[in-house]
Amino acid sequence: MPLPLGQFPTRVTGAGGLLVKRDDEANLGGYGGNKVRKLSYLLEDARARGLHRLVTLGAAGSHHVLATAYYGRREGFEVAAVLVPQPRTDHVVETLRATLAQGALITPARFGWAGVPLQLASLLAGPGTSFIATGGSSPLGTRGYVDAAAEIAGEDPSEVVCALGSGGTAAGLAIGAVLQGLACTVHGVLVADPKSVVPWLTRRLVERTARLVDPHSRTLAREALKKLVIVTDELGRGYGYPTARGDAATERAAAAGITLDGTYTAKAYAYAEDRVRRAAATARPVLYWHTLSSSPPDAFLDDRAADNVADIYAPLLPSA
Ligand SMILES: Cc1ncc(COP(=O)(O)O)c(C=O)c1O
């Protein structure tokens, strides 16, 4: 049984052609967003195996690393992470400060992704350690989104749209949609590079997760892959670089009470709005799955955040 870290089911709001699945509210007053469902499985597994330390990785402003640090500490784990540089934005700076405020041991990846395996290996050598994949997107973490699809069984959208970074959200929803017999396709809006690798890894994640969910099925992975559409044209200059379309979508979403970020959700929301215009003729709504925490990172700051940030910022946050 996954640990009850959040409040589920989350609401579906919105009107007209665009529905919004509010995973931003997965933990009201705490840290929400799409990491909650994944970590519910991952932390339960670490606990069941008697481990007391979590080691993970991500970009400097990773919501996943913040969520792991937050829930890990809350559930009694030590947390360590290797962080890779990403372009500086206000949101990224706040997220990094909030991560440091959780007391996580942060190792900056000084040689980009190339040096990460070596730095991870030394962290993983510590006793009692559970490795948590980038974005929580191992097959086990992805199960959180396989389960989540059951929550939209009554909505009948033509398409579900979400941001696709490490792939677990889209992969899990595609599998869950098959298991629930939903008629929708699942559109993962690519926000991470390289463009030639991440879609491939995501499809592999579908296959690996389908095997975990139903080892005997010969069709689950194939059916889920048919449902999964990977959209590559919202990425812009690359991971972490805001786009003009995303910025404009952020303003429109704010007017509807939805807060977006430039790395993930702005790009997905911009695409969802376009799909609403195209789907108008089908009379079925588009469902945008909102994956950003509704509590902003600065809600998790305390005095500890102030000490080591200056040292850690400079190499991790080159200007955008
Ligand atoms: C706010 C937000 N939305 C979407 C995603 C992408 O989800 P996934 O990594 O499961 O593809 C992330 C991943 O870090 C995220 O932080």
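In each ligand, atom 1 is the first atom listed, and ligand 1 is the first ligand listed. The figures that follow rest on heavy atoms only: side chains count, while hydrogens, waters and symmetry mates do not.
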List ligand 1 atoms under 4.0 Å from [X], heavy atoms only on the residue side.
X	value
T169	7 (O), 8 (P), 10 (O)
L164	11 (O)
K38	8 (P), 9 (O), 10 (O)
A163	4 (C), 6 (C), 7 (O), 11 (O)

Pairs of donor and acceptor atoms involving the side chains of residues 26-36, under 3.5 Å and at least two apart or interchain, shall be tabulated with distances.
from, atom 1, to, atom 2, distance (Å)
N27, ND2, L5, O, 3.4
N27, ND2, Y71, OH, 2.7
N34, ND2, T169, OG1, 2.9

Short question: side chain of K227, backbone of C184 - any donor-acceptor pair under 3.5 Å?
->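 Checking the backbone N and O of C184 against the side chain of K227, a donor-acceptor pair under 3.5 Å is found.
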Any donor-acceptor pair under 3.5 Å from T209 side chain to V206 backbone |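 Not a single qualifying donor-acceptor pair exists.
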Could you find the nearest protein heavy atom to [atom] and give me its residue, atom name and distance?
atom	result
atom 3 (N) of ligand 1	T291 OG1, 2.6 Å
atom 9 (O) of ligand 1	S166 OG, 2.5 Å
atom 13 (C) of ligand 1	K35 NZ, 2.7 Å
atom 7 (O) of ligand 1	N34 ND2, 3.0 Å

Which donor-acceptor pairs under 3.5 Å do side chains of residues 124-132 form with protein atoms, sequence neighbours excluded?
from, atom 1, to, atom 2, distance (Å)
T129, OG1, R53, NH1, 2.8
T129, OG1, G126, O, 2.7
S130, OG, R49, NH2, 3.3

Indicate whether the side chain of H64 and that of T134 have a donor and an acceptor atom separated by less than 3.5 Å.
->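 Note: H64 and T134 side chains miss the donor-acceptor criterion.
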Answer yes if the side chains of T10 and K21 hold a donor-acceptor pair under 3.5 Å, and no otherwise.
->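 Looking only at side-chain atoms, K21 and T10 do form a donor-acceptor pair, the distance falling under 3.5 Å.
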Looking only at distances, can you tell me whether any N or O atom of [X], backbone or side chain, sits closer than 3.5 Å to an N or O atom of ligand 1?
X	result
G168	yes
H63	yes
G165	yes

Between E44 and R47, does at least one N-O distance fall below 4.0 Å, as a salt bridge requires?
->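 No, E44 and R47 are not salt-bridged.
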Within less than 4.0 angstrom of ligand 1, does G167 place any heavy atom?
->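 G167: in contact with ligand 1 (<4.0 Å).
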Looking at the rings of H290 and Y269, which for Trp means the six-membered one, are their centres under 6.0 Å apart?
->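 Between H290 and Y269, the centre distance exceeds or equals 6.0 Å.
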